Amino acid sequence: SDMALLSIDKTGKLVWKKELPKMRMRNAFGEGGGPAIAGERMILMLDQEAGSFITALDKNTGKELWRKDRDEVSTWSTPLVINDLVVVSATNKVRAYNIANGEVVWECGGLGVNVIPMPVVADNLVIVMSGFRSPNLLAIKLGGKGDLTGTDAVVWSNQRGNSYTAAPVVHAGILYNVTDNGMLNAVRASNGEIFYRQQRLPKAYNFKASPVAANGKLYLATEEGDVVIVKLGEKYEVVATNTLTDQFFVASPVIVDGALY
């Protein structure tokens, strides 16, 4: 399908528009990853069946600053900016790009196909995961260079209970993630130590929305219209379940100024 990237100001006025190449995605899913903002740059990654690339744009004008072709098939992950790096999850290689010029600083293979969850950072680790065919999680030590595949830069990995769609969240050194069929996991981010794994929630739920952590709680917006609230920490404890009648949550909650949207 044809695509364009739009910049719109707070009054609704179009500031700039950039046409993007026609997408060639598997199973007609279309594009799913979002842009990442870093200072004056906007990073956009478009992985497809042919012609995959990552680019940096001037967020004020839409002017392309650099573009790099990618040896990847369809993925739907959003880039993560860590200081001067842009880290992108994908099937063939997780890659860290220099944000200034797009050069690859390091790369690491090992994820499965249909990569969707956004990377997260925990102290000196970046954690990436896939949850479809050949699921895997890689906790990669920051600071490396070159090909890190199979080296001790991969501090720990996990093949059970990974998210397929929802991104994980890290809070106070604990990594939380939820599977598409509603299994919740909490592990120590530094080494993968399990606090609870594939924990069933109060009802059978399905998920596309990512969990959000705030105010000592984990908010889980379900496809069934419930928002399940779990206490953050090593012990699984449901604080409340809020039901919104005739609702269906796919987009992740956003917290702004103490309000949940």
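Since the structure is predicted, the reported quantities are computational estimates derived from the model, not experimental observations.
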### Nearest-0.5 Å distance that lies between atom CD in Q198 and atom CG in L184
11.0 Å

### Message
If I take atom CG from residue L260 and atom OH from residue Y219, how far apart are they, to the nearest 0.5 angstrom?
### Response
6.5 Å

### Message
Looking at W156 and E193, would you say the former's side chain and the latter's main chain have a donor-acceptor pair under 3.5 Å?
### Response
no

### Message
Within the structure provided, determine whether Y205 and E223 are in side-chain contact (heavy-atom separation under 4.5 Å).
### Response
no

### Cation-pi check, R70 onto F53 ring (under 6.0 Å, within 45° of axis)
no

### Query
Tell me, do V15 and I8 make a side-chain contact under 4.5 Å, heavy atoms counted?
no

### Message
Applying side-chain contact (heavy atoms from CB on, under 4.5 Å) to V86 and V88, what does each step give before you reach the verdict?
### Response
CA-CA 7 Å; V86 180; V88 182; 4.2 Å; yes

### Task
Using only heavy-atom distances, determine whether the side chains of N136 and S130 contain a donor-acceptor pair under 3.5 Å.
no

### Query
In Å and rounded to the nearest 0.5 Å, what is the CD1 to CG distance from I127 to N158?
10.5 Å

### Message
Minimum heavy-atom separation for V154 and C108, please, with both atom names.
### Response
CG2-SG, 3.6 Å

### Task
Indicate yes or no: at least one non-hydrogen side-chain atom of D180 is less than 4.5 angstrom from one of K208.
yes

### Message
With heavy-atom distances below 4.5 Å as the criterion, would you say the side chains of I140 and V128 are in contact?
### Response
yes

### Residues, nucleotides or ligands: over 12 heavy atoms within 6.0 Å of D71 CG
no

### Query
Are W106 and L111 co-members of a hydrophobic cluster defined by side-chain heavy atoms under 4.5 Å apart?
yes

### Message
Minimum heavy-atom separation for P211 and A167, please, with both atom names.
### Response
CD-O, 3.3 Å

### Task
Check the side chains of D47 and S74 for a donor-acceptor pair under 3.5 angstrom, ignoring hydrogens and angles.
no

### Query
Taking the side chain as C-beta and beyond, is there a heavy-atom pair between L5 and L57 under 4.5 Å?
yes

### Flag, side chain of T91 to backbone of G112, donor-acceptor distance under 3.5 Å
yes

### Query
Where do K68 and E103 land on the salt bridge (charged side-chain N to carboxylate O under 4.0 Å, His left out) test, with the steps shown first?
CA-CA 8 Å; K68 298 292 181 180; E103 296 300 319; 2.9 Å; yes

### Query
Given the rule that I, L, V, M, F, W and Y join up when any side-chain heavy atoms are under 4.5 Å apart, are V178 and V228 in one cluster?
yes

### Query
With a 3.5 Å cut-off and no angle check, do the side chains of T55 and E64 form a donor-acceptor pair?
yes

### Query
Short question: side chain of N92, backbone of G109 - any donor-acceptor pair under 3.5 Å?
no

#### Entry: Between NZ on residue K18 and CG on residue L44, distance to nearest 0.5 Å
9.5 Å

### Message
Is any side-chain heavy atom of M45 closer than 4.5 Å to one of T75?
### Response
yes

### Task
Report yes or no: do L142 and L138 belong to one cluster of Ile/Leu/Val/Met/Phe/Trp/Tyr joined by side chain heavy-atom distances under 4.5 Å?
yes

### Query
Do the side chain of T222 and the main chain of E224 share a donor and acceptor less than 3.5 angstrom apart?
yes

### Interatomic distance, E40 atom CD to T61 atom OG1 [nearest 0.5 angstrom]
10.0 Å

### Query
Y164 vs F132 aromatic rings, parallel, tilted or perpendicular, using cut-offs 30° and 60°?
parallel

### Task
Following the transitive rule for hydrophobic clusters with a side-chain heavy-atom cut-off under 4.5 Å over Ile, Leu, Val, Met, Phe, Trp and Tyr, establish whether L137 and M183 coincide in one cluster.
no

### Message
Given 3.5 Å as the limit, does a donor-acceptor pair link the side chain of S252 with the main chain of S210, or not?
### Response
yes

### Task
For the residue pair Q199 and N185, confirm or rule out a side-chain donor-acceptor distance under 3.5 Å.
no

### Query
Taking all atoms of both residues into account, what is the closest heavy-atom pair of K93 and E72, and its distance?
N-OE2, 3.0 Å

### Query
Above 12 or not: heavy atoms from other molecules or residues under 6.0 Å from CG of D9?
yes

### Message
A side-chain contact here means heavy atoms from C-beta on lying under 4.5 Å apart; do Y176 and I174 qualify?
### Response
yes

### Gap separating the CG atom of D147 from the CD atom of E107, nearest 0.5 angstrom
5.0 Å

### Task
Check Y97 against V104 and note the closest heavy-atom contact, atom names and distance.
CE2-CG2, 3.6 Å

### Summary
In short, S7 meets K59 closest at the heavy-atom pair OG-O, 4.4 Å

### Task
Kindly say whether I54 contributes a backbone atom to a donor-acceptor pair with the side chain of D69 at under 3.5 angstrom?
no

### Task
Give the C-alpha distance, both sets of side-chain angles, the deciding distance and a yes or no for side-chain contact (heavy atoms from CB on, under 4.5 Å) between W16 and L6.
CA-CA 6 Å; W16 54 261; L6 308 178; over 6 Å; no

### Task
Measure across P119 and T78 and return the closest heavy-atom pair with its distance rounded to 0.1 Å.
CD-O, 3.4 Å

### Query
Does V94 belong to the same Ile/Leu/Val/Met/Phe/Trp/Tyr cluster as L80, with side-chain heavy atoms less than 4.5 Å apart forming each link?
yes

### Task
Report yes or no: do D226 and T241 form a side-chain donor-acceptor pair below 3.5 Å?
no

### Message
Atom CZ of residue position R200 - does it have more than 12 heavy atoms of other residues, nucleotides or ligands inside 6.0 Å?
### Response
no

### Task
Could you tell me whether D58 and R41 have a side-chain N and a carboxylate O separated by less than 4.0 Å?
no

#### Entry: Criterion side-chain contact (heavy atoms from CB on, under 4.5 Å) on V115 and S89, from CA distance to verdict
CA-CA 7 Å; V115 178; S89 289; 3.6 Å; yes

### Task
Apply side-chain contact (heavy atoms from CB on, under 4.5 Å) to the pair T179 and N162, showing each step before the final yes or no.
CA-CA 6 Å; T179 65; N162 291 341; over 6 Å; no

### Query
With a 4.5 Å heavy-atom cut-off, do V250 and F207 have their side chains touching?
no

